[in-house]
Q: 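What follows is a structure written as C-alpha cells; I'll ask about it next.
Order of the sequence lines sets the chain letters (A, B, ...), proteins ahead of strands, with each chain counted from 1. Both backbone and side-chain heavy atoms feed into the values below; hydrogens, waters and symmetry mates do not.
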Amino acid sequence: MLDRELIRTQPDFVRHGIQRKGLDSSIVDEFLRVDSAWRSLRQELEVMQAERNRISKTIGQLMGQKKIDEANEAKAQAKAISDALPEVEARNRALEEDLNKIELDFPNLPHESIPDGKDENDNPVVRVWGEKPTFAEEPKAHWDVAEGLNLFDLARGAKITGSGWVVYTGQGARLQRALFNFMIDHQTRKNGYFEIYPPFLVNRASLIGTGNLPKFEEDLYKSTDDLYLIPTAEVPITNLYRDEILNGEDLTIKLAGFSGCFRREAGSAGKDTRGIQRIHQFDKIEMVKFCKPEDSYAELETLIQDAESVLQTLGLHYRVIELCTGDIGAKGAKCYDLEVWSPGVGRYLEVSSCTNFEAYQARRANIRFRREQGAPTEFVHILNGSGLAVPRLYGAILESFQQPDGSVIIPEALRPYVGLNKLTS
RNA sequence: GGAGAGGUGGCGGAGUGGUCUAUCGCGCUUGUCUUGAAAACAAGAGUCCUGAAAGGGACCAGGGGUUCGAAUCCCCUCCUCUCCUCCA
C-alpha cells in the first residue's frame with residue numbers, strides 16, 4: 001500500500017515508479033477516479049449526518065422541557081434525514097470497498113537507487129565471496145550424492161503426499177535438523193535477533209498484511225476454517241505487531257524464527273525441478289526487522305550481511321546480486337538475493353532474498369511507531385530476509401563437500417549439530 | 001464439541017435509550033511550589049478519515065437490526081476466562 005496523499009498529489013511520480021518495474025500504471029488513474037468520487041460523496045454524507053445529529057440533540061432537550069409538539073416536529077425532520085441516509089451510505093460503502101481493493105493491488109515503488117532492467121539477466125552482481133571449489137572428477141549433483149547415502153527419498157515422498165514432497169531419512173534427516181538448529185542459533189546468538197517460533201497457519205488478515213493476498217491466492221495452501229499454511233515465517237512474524245503502535249525507543253526490532261514453508265506454486269513452472277531445489281514444503285529461518293524510515297537502508301545492508309555470515313561460517317562460495325526493476329516484483333523497494341554456488345548443479349542458487357519494503361507492508365498491516373510520547377504516529381519500515389532457506393543450502397553442502405568415496409565432510413561449525421564429522425553410507 | 005461468565009481508552013474499572021464533554025482511579029505530559037525531587041494543587045492528553053482552514057464524521061471486540069437518537073435493547077460472528085468432554 002502506498003500513501004494516498006502521495007498518489008493524489010504526485011500521480012506522475014507514482015506512475016513513473018510503477019512503469020520502471022514494468023507494471024501497468026493505469027491503476028493510478030483508477031485510484032484517482034474512485035478516490036475523488038468517494039471524497040465528494042463523503043462530504044455529502046457527513047453534512048447529512050451532522051444535521052441529523054444536531055436535530056437529535058435538540059429532541060432530547062425539548063423532551064426535557066416537556067415541549068412535546070416541538071419535539072415531534074423535530075423527530076419528523078430527523079426521520080426524513082435518517083430515511084434518506086441508507087441509500088447514500090450504501091453508495092459510499094461501495095466506493096470505499098472499491099478504493100480499498102485498488103489500494104491493496106498497488107505495487108510498491110522501487111527505490112531510486114535500484115538498477116533498471118528487464119529481468120533476472122539484468123541483475124548486477126554486488127560482490128562475490130570465496131571461490132568455486134575444485135574437484136578431481138566432475139562433481140555430482142546433490143540428488144546423486146544423496147542417493148548413495150540414502151539422505152532423502154523423493155519417490156516415497158511422492159507416494160505418501162505427492163510430487164515435490166520430500167522425505168529426509170537417516171543421516172539426511174539429521175543434517176536437515178542440524179541445519180536449521182545451527183542457523184537459528186547463529187542468527188539469535190551471534191547476530192542479535194530475538195527468537196520467535198510462530199504458528200504455521202495464519203488467517204487471511206495476516207496474509208493481506210504482508211502482501212501475499214489478495215493477489216497470490218493460488219500460491220497458497222488453504223486449510224479448512226479459512227486458515228492458510230504459511231509460505232514463509234515472514235507472514236506470522238511481521239504480523240506480530242499488526243495494528244500496534246510501537247515505541248520509537250524500541251526500534252530497530254530484530255526478530256528471527258524457524259518455520260516450515262508451504263508453497264503450491266513450487267515446481268509448477270517446470271524449472272529447477274530436480275532434487276530439492278524447488279519443493280512444496282521446506283524449512284527456513286526468517287529474519288524480520290522493524291525500524292525507523294531513516295534507518296531502513298542501513299538495516300538492509302546489515303540484513304544481507306547477516307544472511308551471508310551463515311555461508312561464510314560454513315565456508316561456502318556465494319555471490320550477492322541486486323535485483324533490477326524488472327525482477328524485484330511488486331512488494332519490494334530494494335532487494336538483494338544471496339546465491340550459493342552449487343557445484344554439481346553448476347549454478348548459483350538463491351538461498352536468501354533480503355528486501356526493504358519501506359512502509360508498504362506497514363501500511364497494509366497498520367504497524368506504526370511514535371518517536372516519543374505524544375509524538376504523531378508514523379509507519380515503520382519493515383525488512384525481511386531468509387537466514388537461510390534449508391534445501392538449497394543442503395544441496396550446496398552435499399555438492400561442495402562431497403568426497404571421491406561418496407561421503408560428505410560436514411563443515412566444522414555444523415558438526416556439533418549433526419554429531420558427525422562426515423556423512424557415510 | 002457442551003455449559004456458563006465476559007470483551008469499554010496505556011492499565012484498572014463505572015456506565016436507568018437522550019439533557020455540554022464515556023463517571024472515577026492509576027499511570028502519562030505540562031505548569032505552580034521546590035536548590036532538585038517527592039507530595040500537593042492546576043491544566044492537558046485517544047485513534048482514524050475528511051477538509052486550505054474553521055469545522056465535520058467515524059470508532060465502547062467485529063458485523064447487522066430496532067429507534068428521531070444505541071456503549072446501553074435484539075440477532076450473528078470472533079476472541080478471552082471458568083467448568084465439563086476430548087486429546088499430545
Q: Evaluate the criterion salt bridge (Lys or Arg N to Asp or Glu O under 4.0 Å) for residue pair A:R93 and A:E89; output intermediate values, then yes/no.
A: CA-CA 6 Å; A:R93 193 165 40 236; A:E89 278 171 348; 5.5 Å; no
Q: Does the structure show a Watson-Crick or G-U wobble partner for B:A42, both distances under 3.5 Å? Name it, or say none.
A: B:U30
Q: Using the P atom in both, what is the distance from B:A14 to B:G25, to the nearest Å?
A: 15 Å
Q: According to the interplanar angle, ranging from 0 to 90°, do the rings of A:F31 and A:F106 count as parallel (below 30°), tilted (30 to 60°) or perpendicular (above 60°)?
A: perpendicular
Q: Taking the C1' atom of each, how far is B:G12 from B:G27, in whole Å?
A: 10 Å
Q: Measure up the A:F258 and A:F180 rings against each other and bin them: parallel (under 30°), tilted (30 to 60°), perpendicular (over 60°).
A: tilted
Q: Taking the C1' atom of each, how far is B:C33 from B:A39, in whole Å?
A: 11 Å
Q: Work out how far the P atom of B:C60 is from that of B:A22, and round it to whole angstrom.
A: 13 Å
Q: Along nucleotides 45-56 of chain B, 5' to 3', which nucleotides get a B, which get an S, and which get a -, given that the test is a protein heavy-atom distance under 4.0 Å?
A: --SSBSS----B
Q: Can you tell me the Watson-Crick or wobble partner of B:G17, both distances under 3.5 angstrom?
A: none
Q: Within this structure, what is the CD-to-P distance between A:E244 and B:C11, rounded to whole angstrom?
A: 11 Å
Q: Quick one: look up who B:A5 pairs with, Watson-Crick or G-U, both distances under 3.5 Å, and put none if it's unpaired.
A: B:U80
Q: Using modelled atom types only, decide if a donor and an acceptor are shared between the side chain of A:N123 and the backbone of A:E120 within a distance under 3.5 Å.
A: yes
Q: Between B:C74 and B:G18, how many Å separate the two P atoms, rounded to a whole number?
A: 16 Å
Q: With both distances under 3.5 angstrom, what nucleotide forms a Watson-Crick or G-U wobble pair with B:U23?
A: none
Q: Kindly say whether A:I114 contributes a backbone atom to a donor-acceptor pair with the side chain of A:R20 at under 3.5 angstrom?
A: yes
Q: Quote, to the nearest angstrom, the P distance that separates B:G9 from B:C59.
A: 15 Å
Q: Which label fits B:U30, syn or anti, where anti is any glycosidic angle not within 90° of 0?
A: anti
Q: Between C1' on B:A61 and CG on A:D243, what's the gap in Å once rounded to a whole number?
A: 12 Å
Q: Minimum heavy-atom separation for A:T355 and A:C335, please, with both atom names.
A: OG1-SG, 3.3 Å
Q: With rounding to whole Å, what would you report as the distance between B:G62 and B:A54 at their C1' atoms?
A: 34 Å
Q: What string of B, S and - do you get for nucleotides 64-72 of chain B, 5' to 3', when a contact is any protein heavy atom under 4.0 Å?
A: ----BS---
Q: Hey, do the aromatic rings of A:H111 and A:Y297 have their centres closer than 6.0 Å?
A: yes
Q: Could you state the CD-P distance from A:E89 to B:G57, rounded to the nearest angstrom?
A: 14 Å
Q: Could you tell me which nucleotide pairs with B:C48 by Watson-Crick or G-U wobble geometry, both distances under 3.5 Å, or answer none if nothing does?
A: B:G57
Q: Under the ring-ring contact (aromatic ring centres under 6.0 Å, His included) rule, collect the residues that match up with A:F282, sequence neighbours excluded.
A: none
Q: Strictly distance-based, threshold 3.5 Å: is any side-chain N or O of A:T9 a donor or acceptor partner for the main-chain N or O of A:E5?
A: yes
Q: Indicate the ring-plane relationship of A:W165 and A:F262, choosing parallel, tilted or perpendicular according to the 30° and 60° boundaries.
A: tilted
Q: Say we look at B:G46 and B:C11: how far apart would their C1' atoms be, to the nearest angstrom?
A: 14 Å
